[in-house]
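Computed over heavy atoms, backbone and side chain alike; hydrogens, waters and symmetry mates excluded.
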Amino acid sequence: MKPKAHRTQVADSQLELPLGRSGGAHDLAYYIGICKVYAAYHKHWPTVDASREEFRAARVKDVDGRRIQRELRYPAPGLETDPEYQALRERCLLDGMREGVTLEALDPRYRTVLSENGIAGLFASIALPVRAGPDAVRYASGLPAHALEELTLRVGQGIAVRALGLAGFDPRDPRVLARSFAVRVHANDELKSVIDRIGIHRPALDARLADHYLLDAGEDGRLTVRYQLLAGGRYAGRFDLGQLCAKLAAVYALDPELAQLRGAAAFEMPAAPTVPAAPVSGSIEELREQLAMLRAEGRSLVLPIQALSRFADIRRLLEKAGGDYRAHGQRFDFEADIAPAAVLEELLRRGAL
């Protein structure tokens with residue numbers, strides 16, 4: 001008797017996930033579920049070029065990457081009213097993705113952000129570094145090098161000014177304001193996990209995180225992981241501006257370097273020197289200014305290294321006064337009985353007329 005062919009049994013719920021709701025409205029979770037099924041089979045997140053055959057191989061029928069992309073960009077009412085979709089679209093637009101939600105935006109590496117507790121834990125570790133000792137590793141600014149898991153927290157100027165005011169300092173003093181930006185935090189496990197999941201390259205175990213990344217706390221309440229050596233970064237979550245300002249104010253108030261500046265007269269920058277207005281092009285003042293750039297050298301008047309817009313007029317005047325133009329030497333030579341310096345002085349005195 002011929003043996004019956006064995007058919008691998010697969011649970012219906014697995015085959016239908018997430019297509020069980022195919023007849024109803026599709027929300028964001030529906031599209032994320034499709035992509036998860038695809039990724040579980042192909043071991044990578046689908047792209048817009050993913051074909052229908054590739055989805056069919058993962059047991060997802062009648063869909064391809066371009067169709068999903070189109071439905072995400074031009075959502076049906078059920079998707080457009082989904083709060084999760086609305087939040088993701090707002091974030092994509094803020095991140096500069098003009099097309100809004102895309103397949104790439106559904107990738108867990110993009111959607112992974114810090115929790116409120118994770119951000120609160122980072123901000124709880126805020127500190128200002130003290131000056132490094134003579135034997136410590138330090139930067140050219142005199143600040144000690146970051147510890148292995150320390151990061152710079154770059155705060156918006158408006159946040160720093162507000163926190164300094166709360167701490168009783170004058171934010172108009174550039175010395176105070178400069179000190180307020182030297183903020184550091186200790187990377188907690190959640191931040192390191194987010195860095196791993198969103199695909200940012202982690203440095204070697206013995207390398208400082210601060211050599212590769214920094215955190216940016218914007219005045220719009222957005223926390224961003226930014227690259228130190230590359231342009232761009234990744235959104236990492238939102239924070240409460242008031243809570244950050246209060247924490248910074250407490251840190252500033254206890255800083256010994258800022259304490260030395262409390263009540264001190266604000267440092268005033270020297271007034272910028274007055275720069276005379278350039279003479280009008282084609283005027284006699286312009287001609288005199290360029291004539292004054294020549295210098296007497298022996299029996300010659302030597303032209304400056306820069307080009308002169310009034311050279312034709314200068315050459316006419318000097319040749320009329322007895323000068324012989326030498327293009328190779330960029331100079332005017334005079335006979336022995338003519339003093340070049342006196343010729344130049346006379347032309348300037350007469351207004352080069």
Side-chain angles (χ1 to χ4, degrees), residues 96 98 131-132 134 136-146 152 154 156-157 160 172-182 201 203 207-208 210-214 216 224 226-233 265-353:
R98 296 182 179 179
R131 293 288 171 180
V137 178
R138 59 186 183 275
Y139 300 117
S141 62
L143 295 179
H146 289 78
T152 293
R154 187 169 63 189
Q157 183 169 340
R172 296 171 299 177
D173 188 333
R175 298 169 298 178
V176 171
L177 194 59
R179 177 62 177 164
S180 69
F181 294 130
H201 172 68
R208 290 187 293 264
D211 293 341
H212 299 266
Y213 317 109
L214 62 84
D216 191 344
T224 306
R226 297 202 178 276
Y227 306 100
Q228 283 282 25
L229 303 178
L230 301 173
F267 177 78
E268 295 184 2
M269 297 293 291
T274 303
V275 179
V280 178
S281 178
S283 65
I284 188 64
E285 289 79 10
E286 181 188 51
L287 179 57
R288 293 183 65 183
E289 181 181 82
Q290 295 189 13
L291 263 173
M293 297 170 69
L294 277 69
R295 75 177 191 278
E297 188 176 282
R299 309 306 307 171
S300 306
L301 286 175
V302 181
L303 290 165
I305 192 171
Q306 59 266 47
L308 301 177
S309 61
R310 302 297 295 275
F311 172 74
D313 295 322
I314 291 173
R315 179 173 180 176
R316 175 180 55 82
L317 290 170
L318 292 180
E319 288 180 342
K320 184 177 180 181
D324 184 16
Y325 177 56
R326 304 291 184 180
H328 181 70
Q330 289 294 289
R331 69 180 189 272
F332 292 89
D333 293 339
F334 292 85
E335 298 292 338
D337 59 338
I338 301 177
V343 171
L344 184 59
E345 182 180 352
E346 179 64 17
L347 287 175
L348 292 173
R349 185 185 64 79
R350 292 190 293 108
L353 296 176

Drop me the distance from Leu291's CG to Asp313's CG, to the nearest 0.5 angstrom. 9.0 Å
From Ile338 CD1 over to Arg299 CZ, what is the distance, rounded to the nearest 0.5 angstrom? 8.5 Å
Could you tell me the separation between the CD atom of Glu346 and the CG atom of Leu344, rounded to the nearest 0.5 Å? 10.5 Å
Any non-hydrogen side-chain atom of Val343 less than 4.5 Å from a side-chain atom of Phe332? no
All salt bridge (charged side-chain N to carboxylate O under 4.0 Å, His left out) counterparts of Glu319, not counting sequence neighbours: Arg315
Would you say Leu347 and Leu301 make side-chain contact, with heavy atoms under 4.5 Å? no
Do Ser309 and Glu286 make a side-chain contact, defined as non-hydrogen atoms from C-beta onward lying under 4.5 Å apart? yes
If you measure from CZ on Arg154 to CZ on Arg226, what distance do you get to the nearest 0.5 Å? 6.0 Å
Partners passing salt bridge (charged side-chain N to carboxylate O under 4.0 Å, His left out) against Arg331 (at least two apart in sequence or in another chain): Asp333
Between Tyr325 and Ile314, is there a side-chain heavy-atom distance shorter than 4.5 Å? no
Which residue, Glu289, Arg288, Gln290, Arg316, forms the side chain to side chain contact (heavy atoms under 4.5 Å, CB included) with Arg310? Gln290
Atom CD of Gln157 with >12 non-hydrogen neighbours under 6.0 angstrom: no
Is the CD atom of Gln306 crowded by more than 12 outside heavy atoms at less than 6.0 Å? yes
Look up atom CG in Leu287 and atom CG in Leu308, then write down how far apart they are to the nearest 0.5 Å. 10.0 Å
Listed by chain and number, what are the salt bridge (charged side-chain N to carboxylate O under 4.0 Å, His left out) partners of Glu297, not counting sequence neighbours? Arg295
Could you pull out the closest heavy-atom pair between Ala160 and Phe181, with the gap in Å? CB-CE2, 3.7 Å
With heavy-atom distances below 4.5 Å as the criterion, would you say the side chains of Leu294 and Val302 are in contact? no
